[in-house]
Chemist: 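Questions regarding the structure given below will be posed in turn.
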There are 2 protein chains.
Amino acid sequence: MSAGNSDDKPNLRSIASLAGVSHMTVSRVLNGHPNIRPATREKVLRVVEELNYQRNSAARALATRKSRRIGVIVDRPVEIGPDSTLRAVEHAAREAGYSVSSVAASPDDDGVMPREAVDYLTAHGIDALCVIAPRASSVDVLRELTDGIPTLIVKADDDANFLTASVDQRLGATLAVQHLIDLGHREIVHVAGPLDWLDARARERGWHARLKRAGLHIPPAFVGDWSADSGYEFAVAFDELPPFTAIFAANDQMALGILHGFRERGIRVPEDVSVVGFDDLSVSRHFLPTLTTVRQDFHALGTLAVEILVAALEGDSTERRSRIAPELIIRESTASPRVM
Amino acid sequence: MSAGNSDDKPNLRSIASLAGVSHMTVSRVLNGHPNIRPATREKVLRVVEELNYQRNSAARALATRKSRRIGVIVDRPVEIGPDSTLRAVEHAAREAGYSVSSVAASPDDDGVMPREAVDYLTAHGIDALCVIAPRASSVDVLRELTDGIPTLIVKADDDANFLTASVDQRLGATLAVQHLIDLGHREIVHVAGPLDWLDARARERGWHARLKRAGLHIPPAFVGDWSADSGYEFAVAFDELPPFTAIFAANDQMALGILHGFRERGIRVPEDVSVVGFDDLSVSRHFLPTLTTVRQDFHALGTLAVEILVAALEGDSTERRSRIAPELIIRESTASPRVM
DNA sequence: GGGCACTATGTTCCCGGTAACGTCGCGGCG
DNA sequence: CGCCGCGACGTTACCGGGAACATAGTGCCC
């Protein structure tokens with residue numbers, strides 16, 4: 001405390017004069033330029049250390065026209081999945097020497113307004129953009145907004161305009177449905193997320209495709225809103241629904257709502273109906289019954305996204321896209337159907 | 001696309017020459033300076049509009065020595081509460097013309113390393129700092145790191161060094177315990193979070209204080225780790241525990257684990273034991289049984305935090321701290337104890 | 001009608017870095 | 001022995017804004 005600081009923060013010039021060199025030499029040392037004599041380098045670093053000097057990122061950004069900041073748009077209200085991904089992105093970006101600026105959907109509205117979000121982020125200076133949990137409508141709008149900014153969208157389909165990375169949603173859905181088929185289920189319904197979301201669509205398609213391939217009846221999907229409440233509402237309407245013996249829910253929260261609704265209606269899981277979720281929230285293994293679900297590795301996803309973006313930014317662009325395999329976690333909420 | 005853009009982005013000078021004024025006039029218009037003729041203002045704004053001009057935030061930060069950025073440290077791994085607060089902070093900051101840069105704990109480690117986090121944030125230029133879900137140890141370290149940076153810590157106790165804002169944790173705990181007492185419970189145990197976390201401590205103290213005031217027996221608190229798993233482990237050890245009829249769990253996740261463990265042990269909730277949680281996650285109303293809990297308004301908390309910080313930054317510093325009242329939500333997991 | 005207080009605007013310099021180019025010393029080579 | 005090339009720096013200009021001061025017009029008052 002008050003250890004004789006000259007009032008202002010040190011800058012390149014003050015370091016330089018203390019080290020007896022020019023400010024450019026200091027800059028070069030800090031940037032790891034090759035042609036610096038070891039003695040000089042050490043002299044400079046010593047002073048840097050001593051004054052606890054930190055480069056001014058604003059000045060750097062101004063001079064280089066690069067902010068070393070990645071903008072992130074999170075298109076879904078607070079949920080473990082998107083937030084885990086966001087944190088993983090932040091972490092990986094930090095490790096790579098970047099910082100992150102995010103715009104996230106509020107609890108009230110569905111998603112973010114893409115135009116406003118991009119405006120905000122570009123106004124604050126970003127080198128690249130990453131979109132988590134996107135809606136199809138957002139992607140459409142983004143196409144014409146992200147001109148010149150490397151943009152990665154967390155989605156499974158390739159896209160000519162964007163970099164992509166994702167957990168393979170269709171594979172996840174396939175694993176879930178396959179598991180139910182293997183157990184002997186023939187009537188498998190789907191409680192989907194809002195189909196404007198790409199993840200919801202991909203899961204619905206995976207479910208649909210697997211049923212079709214198995215030659216099973218394909219009932220219309222019930223569309224929820226990701227919330228446990230919507231799963232609950234689906235379940236309490238059980239008596240009015242066409243018969244089925246298994247449900248694939250598009251996320252664990254809706255699955256939880258379904259468990260709750262069934263309990264109230266006296267329908268037993270898994271004896272009467274099997275339920276599979278998606279995400280494997282940390283709490284899902286404590287639902288009653290514990291939930292069979294599809295695990296997504298959000299951390300790996302965020303890390304991968306940053307890897308791809310940074311590669312694109314720094315030239316060694318190898319891959320434009322990549323998918324992470326999800327994993328089926330079998331617990332108590334699924335079983336073979338009773339013989340009718 | 002390619003609608004005749006001159007290659008580079010417009011800047012103050014290019015706007016100025018197109019509008020036939022000096023760059024300072026443009027700057028003044030954009031900053032809302034008073035002494036500008038309406039005609040001039042409109043002329044400038046027209047050009048700004050036309051070129052879709054956005055100020056360069058790096059240049060602005062360099063010139064003003066203000067980044068208009070708030071650094072946020074989230075000291076807990078991914079969880080709905082802290083992430084909701086973070087998002088609310090981000091939202092409120094955006095509305096106030098600030099952006100947010102965050103450092104969050106990864107799933108692996110407990111909390112963030114305060115020194116590294118602050119270094120990182122200051123290196124990227126922040127005007128203020130906000131700490132969400134802090135550990136006591138973090139706070140101690142921060143005291144000597146945040147010299148000169150207005151810092152708000154989300155905690156309930158006043159602090160000479162920091163601004164504070166919080167949901168009143170002790171009040172929340174008091175509400176929970178009061179509810180159990182009102183139902184006729186006399187043996188009320190607490191499943192706490194790790195006591196290094198200020199929130200965990202405050203809840204433990206609230207529980208302790210209310211029991212003491214009621215003259216009830218105060219059993220030692222069981223310390224979990226916030227996870228549903230730790231609640232589960234507590235519950236399955238039921239037979240080895242001293243007798244009790246009610247549990248106050250420090251968060252909903254541990255409460256869920258408790259419900260799960262009790263189910264396995266054949267202990268009925270609320271008939272045998274009542275359970276109260278804390279947080280009111282969106283899923284808590286679908287637990288089996290639905291969970292009585294203490295609701296925290298995370299959005300209000302984040303908004304409040306930014307309000308206080310911005311007030312501190314912009315001089316009209318009114319309040320240094322403020323608390324939000326939590327609310328008891330009564331559901332099925334609590335009932336009067338059976339007469340023994 | 002001249003001085004004066006404003007108002008509206010322009011000039012210049014500076015923020016703290018980096019790019020581009022200049023300079024100096026030294027060793028190798030014809 | 002003189003020239004060249006290059007390594008190791010230094011100098012200068014510039015990134016795009018804003019603060020501080022300078023300056024031109026304008027109405028008002030004595």
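Order of the sequence lines fixes the chain letters, A, B, ..., with proteins taken first and strands second; residue numbering starts at 1 for each chain. Computed from a prediction, not measured in an experiment: that's the story for all the values here. Hydrogens, waters and symmetry mates play no part in the numbers below; they use all other heavy atoms, side chains included.
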Chemist: So, B:Ser102 side chain and B:Ala104 main chain: donor-acceptor pair closer than 3.5 Å or not?
Modeler: no
Chemist: Would you kindly compare A:Asn11 and A:Arg28 by the position of their nearest DNA chain C nucleotide and give the one closer to the 5′ end?
Modeler: A:Asn11
Chemist: Measure CZ/B:Arg60 against C1'/C:dG16 and give the value in whole Å, please.
Modeler: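 Going from B:Arg60 (CZ) to C:dG16 (C1'), I get 18 Å.
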Chemist: Whole Å only: how far is the CZ atom of A:Arg13 from the C1' atom of C:dC15?
Modeler: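 Checked: the CZ to C1' distance equals 10 Å.
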Chemist: When you measure from the side chain of B:Asn31 to the backbone N and O of B:His33, does any donor-acceptor pair fall under 3.5 Å?
Modeler: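 Not at all, since once roles are kept as given, no pair shorter than 3.5 Å links the two residues.
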Chemist: Using five base pairs at each end to define the local axes, how bent is the helix from C:dG1-D:dC30 to C:dG30-D:dC1, to the nearest 10°?
Modeler: 60°
Chemist: Starting at CE of A:Met24 and ending at C1' of D:dG7, how long is that distance when rounded to a whole Å?
Modeler: 15 Å
Chemist: Using a heavy-atom cut-off of under 4.0 Å over every strand shown, decide if B:Arg65 touches base, sugar-phosphate, or nothing.
Modeler: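 B:Arg65: backbone/sugar contact only, no base atoms under 4.0 Å.
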Chemist: Between A:Asp83 and B:Arg87, is the closest basic N to carboxylate O distance under 4.0 Å?
Modeler: yes
Chemist: Quick one: does B:Arg94's side chain have a donor or acceptor within less than 3.5 Å of a partner on A:Val103's backbone?
Modeler: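 No.
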Chemist: Nearest whole Å is fine: how far is C:dG16 C1' from A:Ile15 CD1?
Modeler: 12 Å
Chemist: Under 4.0 Å between a Lys/Arg side-chain N and an Asp/Glu carboxylate O for B:Lys155 and B:Asp159?
Modeler: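 Looking at B:Lys155 and B:Asp159, the cut-off is met.
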Chemist: Side-chain N or O of B:Thr25 less than 4.0 angstrom from OP1 or OP2 on C:dG10?
Modeler: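 B:Thr25 to C:dG10 OP1/OP2: side-chain N or O found under 4.0 Å.
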Chemist: Going by an N to O cut-off under 4.0 Å, is there a salt bridge joining A:Asp75 and A:Arg135?
Modeler: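 Yes.
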Chemist: Going by distance alone, is a donor N or O of one side chain under 3.5 Å from an acceptor N or O of the other, for B:Asp140 and B:Ser137?
Modeler: no
Chemist: Can you list, in residue-number order, the parts of residues 29-56 of chain B that come under 4.0 Å of DNA chain C, counting heavy atoms only?
Modeler: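 Residues of residues 29-56 of chain B under 4.0 Å from DNA chain C: B:Asn35, B:Ile36, B:Arg37, B:Thr40.
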Chemist: Please name the residue in the list A:Val112, A:Asp196, A:Ile153 that meets the side chain to side chain contact (heavy atoms under 4.5 Å, CB included) test with A:Pro134.
Modeler: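 Single side chain to side chain contact (heavy atoms under 4.5 Å, CB included) partner of A:Pro134 among A:Val112, A:Asp196, A:Ile153: A:Ile153.
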Chemist: Looking at A:Arg46 and A:Glu49, is any side-chain nitrogen of the basic one under 4.0 Å from a carboxylate oxygen of the acidic one?
Modeler: no
Chemist: In whole angstrom, give the distance that lies between atom CG of A:Leu12 and atom C1' of D:dG10.
Modeler: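 It works out to 14 Å between those atoms.
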Chemist: Send over the distance from B:His23 NE2 to C:dT9 C1', rounded to a whole Å.
Modeler: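 In whole Å, C:dT9 C1' lies 12 Å from B:His23 NE2.
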Chemist: On the nucleotide C:dG17, are OP1 or OP2 found under 4.0 Å from the side-chain N or O atoms that A:Ser27 carries?
Modeler: no
